[in-house]
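What follows is a single structure, written as structure tokens, with notes after it.
In what follows, chains carry the letters A, B, and so on, assigned in the order in which the sequence lines appear, proteins first and then strands, with residues in each chain numbered from 1.
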There are 2 protein chains.
Amino acid sequence: MSSDFIEPGQPIHKIYLIYSGWAFRYRLLRDGRKQIINFALPGDYLGVSFSQSDGMRFGATAVTDLEVGIVSYASFTRAFGERPDLAIQAASVIEREAILVEEALVAVGKLTARQRIAWLIVDICRRWRDAVASEDGLQDFPFTQNHIADALGLSLVHVNKSLRALKLVGLIKIEGGKIRPVDEARLMRFSEGQHV
Amino acid sequence: MSSDFIEPGQPIHKIYLIYSGWAFRYRLLRDGRKQIINFALPGDYLGVSFSQSDGMRFGATAVTDLEVGIVSYASFTRAFGERPDLAIQAASVIEREAILVEEALVAVGKLTARQRIAWLIVDICRRWRDAVASEDGLQDFPFTQNHIADALGLSLVHVNKSLRALKLVGLIKIEGGKIRPVDEARLMRFSEGQHV
DNA sequence: CGGCAGTTTGAATATTATCAAGGGATGTGG
DNA sequence: CCACATCCCTTGATAATATTCAAACTGCCG
């Protein structure tokens, strides 16, 4: 019961647009470990691609219940014949996602465990605000510590200890199992290595 | 004398196509460290983008002497009016690069230092072969250990020690300061965590 | 020759992973 | 309703991995 809706290696046939809920895109290693490439929230697309390949290079898993729009890959491709400007839209989608992945690479490559976690929380909150425009900010941080570990290149145990440390210094709260930033600006500065 | 030809933060005005030579794309952290996002070799584009932004999100540095083709961003944008199919080409360029970055994220997130280095060498060799089609394979691995460190999220010292370890077990050679794979298939298996 | 960029090494330290175990909440079948 | 399983979180101890610091060596070039 892995709630995958895209399986790595499967032929490409659909593009998904998330209406509500959370998901993530991941790649599998040969030994079964997974690296989460990015998290997807309402407004994000999954599966947009111009390159023919044997099958999906990644998998996608639902984290919560999900409402999605689905476009068959065939009609996606066909659409460019009639409305070539759509290609630019699609390219923008790919590019936006690529920028996210680049930022994840910087975080995983250069930041400490605590900074990475801070970065992820801030990034999720910012994207939630941009996409859903709730002035309240993010109500529920929907990921488990295991998700965080798989996304940030850390072990589950170390994620847990780092979260407690962040909580201890007052950068985050954990209420009812849910992570919340206390002061997002401060958390962001911390993730950028400035003293808090 | 940093040989940057794209400066982070500068307004976008040009797209580069590399004819010959090596370069890399990087992001700066606030404390001055840099994360190399990807290496670029002949046939690779730098600066292709559909999203308006205040300035380049990354910098690009020449590693060797470089021959490049340059297209102004204005004419790049204009071209889509006349030849909308070009948008698909450009999107493919962005997507291909995004795939590289995803693979780097997996390597940095999940592999040991030695495996990361092996992965990078194999990746560079493969792309060289695909782009330049020299049956000889890569003559010169053009990067310094510092470049490798900045690309893989490792310290210079650790890169050095890992390289010697790879040399010791016969996975690579270092001749005249140049790194070369001994057996690329074996190196690839090693980077994937299978016993060599 | 002197300087510079790149590489190499050892020692001490810090960060992170692994192993092992247990706790709390939730759900399901008997 | 209880017994059991499962998933997620938590903690401590130990080991592996990587960083930092300091120093020195190399080849090359002006």
Side-chain angles (χ1 to χ4, degrees), chain A residues 1-3 22 24 29 31-36 61-65 107-118 120 140-168 172-180 193, chain B residues 1-3 22 24 29 31-36 61-65 107-118 120 140-168 172-180 190-191 193:
Chain A
M1 70 129 276
S2 76
S3 55
W22 294 84
F24 63 84
L29 302 182
D31 59 12
R33 290 181 297 163
K34 66 175 63 164
Q35 170 72 41
I36 292 180
T61 305
V63 174
T64 63
D65 287 345
V108 173
K110 288 280 180 292
L111 305 186
T112 65
R114 294 175 198 187
Q115 288 176 319
R116 286 183 220 183
I117 293 172
L120 179 62
D140 284 337
F141 189 88
F143 310 114
T144 67
Q145 296 182 6
N146 232 317
H147 291 137
I148 299 175
D150 282 342
L152 296 180
L154 298 167
S155 71
L156 167 61
V157 173
H158 199 57
V159 166
N160 183 282
K161 288 172 181 173
S162 303
L163 276 172
R164 327 235 86 235
L166 288 177
K167 183 183 169 193
L168 200 65
I172 63 172
K173 275 190 285 199
I174 304 179
E175 293 165 342
K178 294 299 180 184
I179 298 164
R180 303 202 47 178
Chain B
M1 72 127 274
S2 78
S3 54
W22 294 84
F24 63 84
L29 303 181
D31 60 11
R33 289 181 298 162
K34 67 175 60 166
Q35 171 71 41
I36 293 179
T61 305
V63 174
T64 63
D65 287 345
V108 173
K110 288 281 179 291
L111 304 186
T112 66
R114 293 175 200 187
Q115 287 175 320
R116 286 183 220 181
I117 293 171
L120 179 62
D140 285 337
F141 189 88
F143 310 114
T144 67
Q145 297 182 5
N146 232 318
H147 291 137
I148 299 175
D150 282 343
L152 296 180
L154 298 167
S155 70
L156 168 61
V157 173
H158 199 55
V159 166
N160 182 280
K161 287 173 180 170
S162 304
L163 276 171
R164 327 236 83 233
L166 288 177
K167 182 182 168 192
L168 201 64
I172 62 171
K173 275 190 283 197
I174 304 180
E175 293 165 343
K178 294 299 179 184
I179 299 164
R180 304 202 50 176
F190 173 77
S191 76

Smallest heavy-atom separation, Arg114(B) atom then Ala165(B) atom, equals CZ-CB, 3.5 Å
With rounding to the nearest 0.5 Å, note down the distance linking [atom1] in [X] to [atom2] in [Y].
X         : Y         : atom1 : atom2 : result
Ile174(B) : Leu163(B) : CD1   : CG    : 5.0 Å
Ile179(B) : Ile172(B) : CD1   : CD1   : 5.5 Å
Lys34(A)  : Leu29(A)  : NZ    : CG    : 11.0 Å

Side chain to side chain donor-acceptor pair (under 3.5 Å) with Lys110(B): which residues, sequence neighbours excluded?
Gln35(A)
Using the side chain to side chain donor-acceptor pair (under 3.5 Å) criterion, which residues pair with Asp31(A)? Sequence neighbours excluded.
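Partners of Asp31(A) by the side chain to side chain donor-acceptor pair (under 3.5 Å) criterion, ordered by chain and then number, come out as Arg33(A).
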Strictly under 4.0 angstrom, non-hydrogen atoms only: write out the protein contact profile of nucleotides 9-26 of chain D, one letter per nucleotide from the 5' end, B, S or -.
SBBBB----BBBB-----
Which two nucleotides bound the region of DNA chain C that has atoms under 4.0 Å from heavy atoms of chain A, read 5' to 3'?
dT16(C) to dC19(C)
Distance-only donor-acceptor hits, side chain of residues 148-159 of chain A, under 3.5 Å, sequence neighbours excluded:
| residue | atom | partner | partner atom | Å |
| --- | --- | --- | --- | --- |
| Ser155(A) | OG | His158(A) | N | 3.1 |

Could you tell me, to 10°, how much the axis swings from one end of the helix from dC1(C)-dG30(D) to dG30(C)-dC1(D) to the other, five pairs per end?
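Between the axes fitted at each end of the helix from dC1(C)-dG30(D) to dG30(C)-dC1(D) lies an angle of 30°.
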So Arg116(A) and Leu120(A), do their side chains get closer than 4.5 Å, heavy atoms only?
no
Heavy-atom distance under 4.5 Å between the side chains of Phe141(B) and Arg180(B), does that happen here?
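Of all side-chain heavy-atom pairs linking Arg180(B) with Phe141(B), none is under 4.5 Å.
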Looking at Ser191(B) and Ala118(B), would you say the former's side chain and the latter's main chain have a donor-acceptor pair under 3.5 Å?
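No: the side chain of Ser191(B) does not pair with the backbone of Ala118(B).
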